[in-house]
Amino acid sequence: MKVRILVSLKPSVLDPQGQAVKNALHTLGYQTVKDVRQGKVFEIELDNTVRQTVDKLIPEIADKVLANPIIEKFTWEIIEG
Amino acid sequence: MIDDKTLADHNLTRDEYDFIVKLIGREPNLTELGIFSVMWSEHCGYKSSKVYLKKFPTKGKYLIQGPGENAGVMDIGDGLAVVFKIESHNHPSYLEPYQGAATGVGGILRDIFTMGARPVAVLDSLRFGPLDKPKNRSVAEGVVSGISGYGNAFGVPTVGGEVYFHDCYSQNPLVNVCCVGLAEKDRIFLARAQGVGNAVIYVGAKTGRDGIHGATMASAEFGKETEQKRPNVQVGDPFKEKLLLEACLEVMAKGLVIGIQDMGAAGLTCSTTEMAAKSDTGMEINLDLVPQREEGMNPYEIMLSESQERMLIVTSQDKVKPLQDVFSKWDLEAVVIGKVTEDEQLKAYFHGELVIDIPVKAVVDLCPAYRRPVEAPAFVRRLARFKVPGMPPDLDLNQVFLQLVASPDIADKQWVFRQYDHMVQINTIVLPGADAAVLRLKGTKKGLAMTLDGNSLYAYLNPKRGGEIAVAEACRNLACAGAAPMGVTNCLNFGNPEKPEIMWQFKEAVEGIARACRQFDIPVTGGNVSFYNETEGQAVFPTPVLGIVGLVDDVATIPAAGFRGEREAIILLGENKEELGGSEYLKLVFDQEKGKAPELDFRSEKSVQEVCRQAIKQKLVRTAHDLSEGGLAVALAECSIKSKKGLGFEVKLNDPIRTDALLFGESQSRIILVAKEKNAGKILALARKMKVKAKVIGKTGGKKMVIWHRKKKVVDQPVELVRDAFKNSIPGYFKV
Amino acid sequence: MKFGVVVFPGSNCDYDTFHALQNVMEQETVFLWHKDSDLQQVDCVVLPGGFSYGDYLRSGAIARFSPIMAEIKKFASAGGLVLGICNGFQILLEAGLLPGAMLTNKNLKFLCQHVYIKIENNKTAFSRAGRKSQVLSIPIAHFDGNYYAPPELLAQLEERKQIVFRYCDGNGRLTEEANVNGSLHHIAGLINEQGNVLGLMPHPERASEKIVGSDDGQVIFQSIIDYWEKKAGGRKKKAGKTVRPVVSPLPPLVGSL
């Protein structure tokens, strides 16, 4: 199975990259853009045997490795299988 | 039978194809054709330039290794050697600025450490279109972050270089990267495949479909369809390269290497054929054993891939295991893919079938050399006849001074340099922005000085003079650090060599460089030719970039780039002439890029440099700066801006020439030396002895920059104002 | 005193730190390989700058899983001195040996330049050789040096005087301009509650000799040496012989691993 994990900065943490993208879009005339937050995407392929435990496994690896809980949050979804 | 379209795709002519058939005695298959195509491309085969490059002097007393290897090597004493080389990565940097520039850095680093040297410095010469266009800004931003991203992570300091802007580079930016390394003199490694039966080992990153035909891409003019070539650009991994460096230096130190070659342009093709050809041997490899990142790659793709961070090593069978252990310690692959053979053929098997069988020497040594037609372009004579208009009576030179300091070619490049880690390895004692960068050599009193130089407008007006001045100015930059030049590397960036005008520019520039190198008695140790820098028929200015290294005997004597104390004497070495052709001033005020490039007299140039070096050696000099773009006024301003105490100056001049030419003319062979008052006389005496014109023109101090000409105050600006104009110019373009 | 400089894949200030400690400060110094679990009885562990594991996930995020880090955690919890410089600081944050996290610099660019930092707390093992409010000129070179901590944590760090160094201007003023990377509370160097683990974004090893522009970084190394010598009762272990400076391709690293 395949899982997609989205890691982004917590809303309370300033995201200068997102700000820069927003400013660039405004300069290009896209005034309707209200805010941009930037993040990282991980696509992880898993052994099918973890089907039962995936709800526990993903938050665990996201918390431990993929995201830094002090500044980042994550969401995830199963995209295949 | 290979059709015309296939040949055209491979940038080979029918004649060249027929020659290939003759050489191998049959029709080549597509993979073999691909091999000839990259090896006989302009980038690898130097087919248009070879006949001229022979004019460079290539012998010198410190020379250990001249052209023909991955990099040049000079003896710097204490058992050490300096290894250096410059390469262009122009085309890839336009297609994908970040990765193009990053892999440019990666490639030149490998050229250096493949010779057994640890890279200790990178310098780069960058040319972009004017920053007021968003596209040019994004290219500049991408290139600078690419260099920074790769060099910083790898851990080599980027210590200097140059950045210029001109519209001719809008669609053809130039990214020339020079790397300097240090090695033990008696432990230099070469690209050799000696010893029949020895193992051929592939080390480093896996092979993917990156950059297939990058080398042929760099040898073709850009057209509208260039966008489609985008997937060809390689992606760099500086982390892997750092591991590769450590692993390679470790196996070399442990005596586990016979020959080694990096896989740069033309990847596996170039490394296998060159190593064998240089050793009068052959190679037999099994392509199935080549570590691959993607599935289903065919022999053509495997042989021509330009995936980064790979090397080919030849060693004896008994050393394979210990070598693999070292690579495994650094988490890298080291796979035996074949062996050295006697027959001088490259043979490659794929799925058990012989898919390549070609003579290595035909590939490496028999690339046709062309003496292409040359013809001086009509504009050269026209532009030289241009008469500089009189000085407009209402022109406010005091204001022009401020504008010149802020013109992007002259203004502060801190925005660029502070993105580069220029201090790692803690040897950098003269930081970027000075005339030459200097590294101390730990454990000795000596320093290694290095600089990159080239003025493309001079070369456009007069390519021969442009070449000469590039060498002279680079040497002058070194002199300002007290260093004597030792060896030269060069990167020659030109348009399409099939056009006689371009070929003429090239020939002239090479002759100029060759002449100047003879005059300074320094050998050319290697370099790079980059042709086809043109888009839709519009070529870049001829842009020869010279990289010169030199030695400083005692780093404690190196003068500062800025003024250091109040009331010190400002001495001008050399002569102010009435020369405004090709100057920044002419461009700014009259919007003209015309006239004669400045004169250059080698005898006075050499004497001026010698006086400068002598004075520095005798510890008489506090500050030294050479005069270049923007002339005397700008040079003085720079010394003041770089003064840690913000010291101004007052200078009084009486030369009987136009005030604008005196302030901003770019006459060659001039250096500003600043000395304590009591030492000024000694410097003047030294100059007299060597028949160099020299005089005290003023003194440092105060909070203003003041220049008088014939009792009239022509420049009078607060230091702070000029400094802000200098510092804020380039960052101003990048504010969102 | 014996220092150990950890070598992670991608460390690139390891030789520099080695040079500053061994050749300049004249202390016995060894390299510690990331795959090893032996700290070779060092008195202070230094995590050097660089791009460990390419900094590919987040700066310092992968290095913390190296075998040597488990030993360093034990060493630190037993009171051993640990100094993390630049990437080393980032690793200490990721490993939880220091609180908070690093964000990308506020201008979104890598920054390499001399900065001034002010000693806020000179009562630590890493700053005792300096005066309170002394201004040091030490270079930075990083992409992610913009220190972040939630407000409660920041308040706590202030209260417990864990902020040892702050970015300032040449006169010690905490101006916005001097805080080049945008760190909260101008934090340049931070110590743990126990006072034995320090993280520092500026590079003291790059400011340990006048010839390279500044020797202010010696204050930090000297503090560690002073602290250790006092603790060890004035026992002064002399350094091993000065090794040949690392200009050759045969660095001391090769022999020692």
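Values in this document were obtained by computation on a predicted structure and should not be read as measured data. The sequence lines fix the lettering, A, B, ..., with proteins before strands; numbering per chain opens at 1.
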Are [X] and [Y] close enough that a side-chain donor and a side-chain acceptor fall under 3.5 Å?
X: C:D216; Y: C:S137; answer: no
X: C:N146; Y: C:S183; answer: no
X: C:E176; Y: C:N179; answer: no
X: C:D144; Y: C:S59; answer: yes
X: C:N192; Y: C:Q194; answer: yes

Engaged part of A:V65 at the chain C interface, taking heavy atoms whose separation is under 4.5 Å: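 Answer is both: backbone and side chain atoms of A:V65 are under 4.5 Å from chain C.
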If I measure from the heavy atoms of chain C, does A:Q19 come under 4.5 Å with its side chain, its backbone, both, or neither?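 Contact with chain C: none, neither part.
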How about C:Y116 and C:Y167: are their ring centroids closer than 6.0 Å?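 They do not qualify: ring centres at least 6.0 Å apart.
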Against chain C, work out which of A:D15, A:I70, A:L14 has the most heavy-atom pairs shorter than 4.5 Å and name it.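 Ranked by contacts with chain C, first place is A:I70.
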C:N181 side chain vs C:G145 backbone, donor-acceptor pair below 3.5 Å: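 Present.
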Which of C:L93, C:L103, C:N105, C:L153 touches chain A most, by non-hydrogen pairs under 4.5 Å: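 Sorted descending by pairs with chain A, the first entry is C:L103.
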Can you say whether C:L108 sits under 4.5 Å from chain A via the side chain, the backbone, both, or neither, judging by heavy atoms?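 Answer is side chain: those atoms of C:L108 sit under 4.5 Å from chain A.
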Residue by residue, which of residues 32-61 of chain A have a heavy atom closer than 4.5 Å to a heavy atom belonging to chain C?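 Hits under 4.5 Å: A:K40, A:F42.
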Carboxylate-amine/guanidinium proximity below 4.0 Å for C:R166 and C:E158: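 Looking at C:R166 and C:E158, the cut-off is met.
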